[in-house]
Amino acid sequence: MPVTVRSFAKINIGLRIGPPRGDGFHELRTLYQTIALSDVVRVDAGRGMGIDIICKNPKVPADESNTCWRVAERVLRALKTRSKVRITIEKSLPVQGGLGAASSNAVATLLGLERALKKPLPPMERLRIAAEVGSDLPLFLIGGAVLGLGRGEQVVAMDDLPSFHCVVATPEVGVSTPAAFAEWDKQVQTGLTHSSPSDKIDTFSHSLYEWLNGSTYTPTGVPHKGWDRAEALLLDLVRTGMENDFETVVFPMYPSVRQVKRMLEREGAKYVSLSGSGSSVYALFADKETAAKAADSLTEKGIPAQATVTLPRARYWKEMFKAE
Ligand code: C5P
């Protein structure tokens with residue numbers, strides 16, 4: 001019997017890019033948040049050898065370059081086991097959309113394969129394999145609100161945030177993450193960004209601290225007692241001005257993506273931002289109805305958009321293995 005795993009997406013609430021490092025990566029700071037949109041990954045382990053990837057979406061590679069393949073190979077090696085592994089990916093999430101879909105699929109494979117083989121890996125081995133395969137994998141071993149440090153692979157579980165209504169819109173342009181980082185470096189070298197990357201990276205923890213404490217200390221001057229906590233957090237988020245540095249490079253390269261941000265703002269969103277290097281743009285809304293209306297309105301205009309909610313940690317784990 002294959003093990004079925006729901007592979008959830010993430011968004012980035014703020015992302016600051018630091019200086020390039022000697023290893024070809026950039027230091028960064030981000031707050032990842034899992035959301036309720038997902039792919040489904042089925043993992044089967046039988047007699048024999050080899051790893052097969054099955055996916056109807058032609059944009060998903062079925063060879064050793066697939067993150068699921070790379071994880072499965074490492075899991076078998078770490079467990080010193082041989083098996084014929086079949087990984088079936090049912091795609092709903094956009095490919096290369098900035099929602100971490102490939103990374104999430106890979107972590108779903110890791111967790112599904114452990115179950116299929118009935119051999120759990122030590123937690124540190126899981127984390128090692130995830131970080132080795134990509135910077136955005138380890139967050140999916142935690143779920144909920146996760147602080148991302150280093151190249152994004154160093155993860156710290158944050159206190160769960162209340163669930164927000166949100167809309168994810170994905171304009172049909174493919175943004176390459178390495179190309180976006182390269183463009184960022186070019187802009188820094190030519191002095192096109194306002195401050196140095198190290199200044200920006202330092203401001204991230206300040207903004208995050210300010211945001212998460214805003215509701216308690218009421219720096220907006222408005223008493224939050226009796227307020228809906230999600231609504232209060234949204235207002236404070238706008239006020240602290242958390243940003244995604246990729247907007248500086250991706251919006252000029254793809255003006256249609258900036259346009260989508262403007263459209264979501266006009267639909268009444270409290271906070272709108274690019275996720276990762278895009279092309280997905282997400283918007284946080286105070287209520288379900290406005291979110292649903294915004295998603296419909298963008299879809300009617302030809303921009304694929306879906307209304308959903310952010311997924312706190314307990315729900316992330318509960319729904320991951322829930323039978324369909
Ligand atoms: O780790 P991941 O496979 O997602 O990274 C893909 C590419 O994105 C890297 O090879 C690198 O060029 C770039 N990257 C970066 N800094 C990061 C994460 C990724 O420059 N923090």
Side-chain angles (χ1 to χ4, degrees), residues 6-15 30-39 91-94 97-101 104 143-146 158 160-173 211-212 214-215 220 222 224 227-244 247 251 256-276 278-316 318-320 322:
R6 285 185 71 191
S7 161
F8 292 104
K10 61 83 180 163
I11 53 175
N12 297 83
I13 301 179
L15 190 157
T30 187
L31 181 65
Y32 299 110
Q33 171 66 57
T34 47
I35 60 171
L37 300 179
S38 65
D39 289 334
K91 270 274 155 214
S92 306
L93 300 171
L99 301 177
S104 175
V146 181
M158 301 286 287
D160 253 344
L161 300 172
S163 192
F164 296 116
H165 294 284
C166 62
V167 170
V168 175
T170 310
E172 276 159 5
V173 293
W211 175 41
L212 297 174
S215 303
T220 46
V222 182
H224 288 156
W227 275 40
D228 174 56
R229 184 164 143 73
E231 170 95 31
L233 268 173
L234 280 180
L235 291 175
D236 282 321
L237 177 56
V238 180
R239 192 183 43 78
T240 51
M242 291 260 270
E243 277 173 40
N244 179 345
E247 290 190 349
F251 286 172
S256 61
V257 183
R258 187 202 306 269
Q259 198 54 33
V260 169
K261 176 167 174 168
R262 297 283 168 266
M263 289 162 89
L264 286 163
E265 282 167 348
R266 282 199 293 272
E267 293 291 337
K270 299 284 182 191
Y271 180 80
V272 189
S273 171
L274 191 71
S275 184
S279 64
S280 293
V281 176
Y282 69 89
L284 303 179
F285 285 87
D287 61 84
K288 188 178 178 178
E289 292 68 31
T290 326
K293 206 172 125 283
D296 287 349
S297 164
L298 265 76
T299 307
E300 272 168 29
K301 292 176 183 124
I303 297 139
Q306 269 181 288
T308 183
V309 287
T310 60
L311 204 56
R313 189 164 305 121
R315 269 187 67 195
Y316 173 79
K318 197 167 144 215
E319 294 187 17
M320 184 182 291
K322 205 164 76 181

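Count residues from 1 along the sequence.
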Original post:
Taking only residues two or more places apart in sequence or in another chain, which ones pass side-chain hydrogen bond (donor to acceptor under 3.5 Å, both in side chains) with S104?
Top reply: S7
Original post:
Cut-off 3.5 Å, side chains only: do K293 and S297 have a donor facing an acceptor?
Top reply: no
Subject >> Atom pair CG/CG of L298 and D296 - distance to nearest 0.5 Å >> reply: 9.5 Å
Original post:
Closest heavy-atom contact between S92 and D39?
Top reply: N-OD1, 2.6 Å
Original post:
Where is the tightest heavy-atom contact between S273 and N244, given as atom of each residue plus distance?
Top reply: OG-CB, 3.7 Å
**OP:** Report yes if the side chains of M263 and E267 come closer than 4.5 Å at any heavy-atom pair, otherwise no.
**Re:** no
Subject >> Shortest non-hydrogen contact from G276 toward N12 >> reply: N-OD1, 2.9 Å
Original post:
Do the side chain of E265 and the main chain of V272 share a donor and acceptor less than 3.5 angstrom apart?
Top reply: no
Subject >> Spatial distance of atom CG (L99) from atom CG (L93) [nearest 0.5 Å] >> reply: 6.5 Å
Subject >> Validation row: Y282, L264 side chains within 4.5 angstrom (heavy atoms) >> reply: no
**OP:** Identify the heavy atoms of Y271 and E243 that sit nearest to each other, and give their distance.
**Re:** OH-N, 4.3 Å
Subject >> Atom of E319, atom of R6 and distance for their closest heavy-atom approach >> reply: O-CD, 3.6 Å
Subject >> Nearest heavy-atom neighbours spanning Q33 and P312 >> reply: NE2-N, 4.3 Å
Subject >> Spatial distance of atom CD (E247) from atom CZ (R258) [nearest 0.5 Å] >> reply: 8.5 Å
Original post:
Is any side-chain heavy atom of L161 less than 4.5 Å from a side-chain heavy atom of L212?
Top reply: yes
Original post:
Under 4.5 Å between any side-chain heavy atoms of L237 and M242, yes or no?
Top reply: yes
**OP:** Determine yes or no for a side-chain-to-main-chain donor-acceptor pair under 3.5 angstrom, with T34 supplying the side chain and G143 the backbone.
**Re:** no
Side-chain donor-acceptor pairs under 3.5 Å in residues 303-311, sequence neighbours left out?
unit_1: T310; atom_1: OG1; unit_2: F164; atom_2: N; d: 2.8

Original post:
Under 3.5 Å, side chain of R313 to main-chain N/O of M158, donor-acceptor pair present?
Top reply: yes
Original post:
Does a donor on one side chain sit under 3.5 Å from an acceptor on the other, for S280 and T170?
Top reply: yes
Subject >> Reference residue V281; test side chain to side chain contact (heavy atoms under 4.5 Å, CB included); the match among I11, V168, L274 >> reply: L274
Subject >> Separation of K91 NZ from S38 OG (nearest 0.5 Å) >> reply: 10.0 Å
Subject >> Non-hydrogen side-chain atoms of K10 and S275 separated by less than 4.5 Å >> reply: yes
**OP:** For the residue pair L31 and W211, establish whether any side-chain heavy-atom pair is separated by less than 4.5 Å.
**Re:** yes
Subject >> Stepwise side chain to side chain contact (heavy atoms under 4.5 Å, CB included) check, F251 with V257 >> reply: CA-CA 6 Å; F251 286 172; V257 183; 3.8 Å; yes
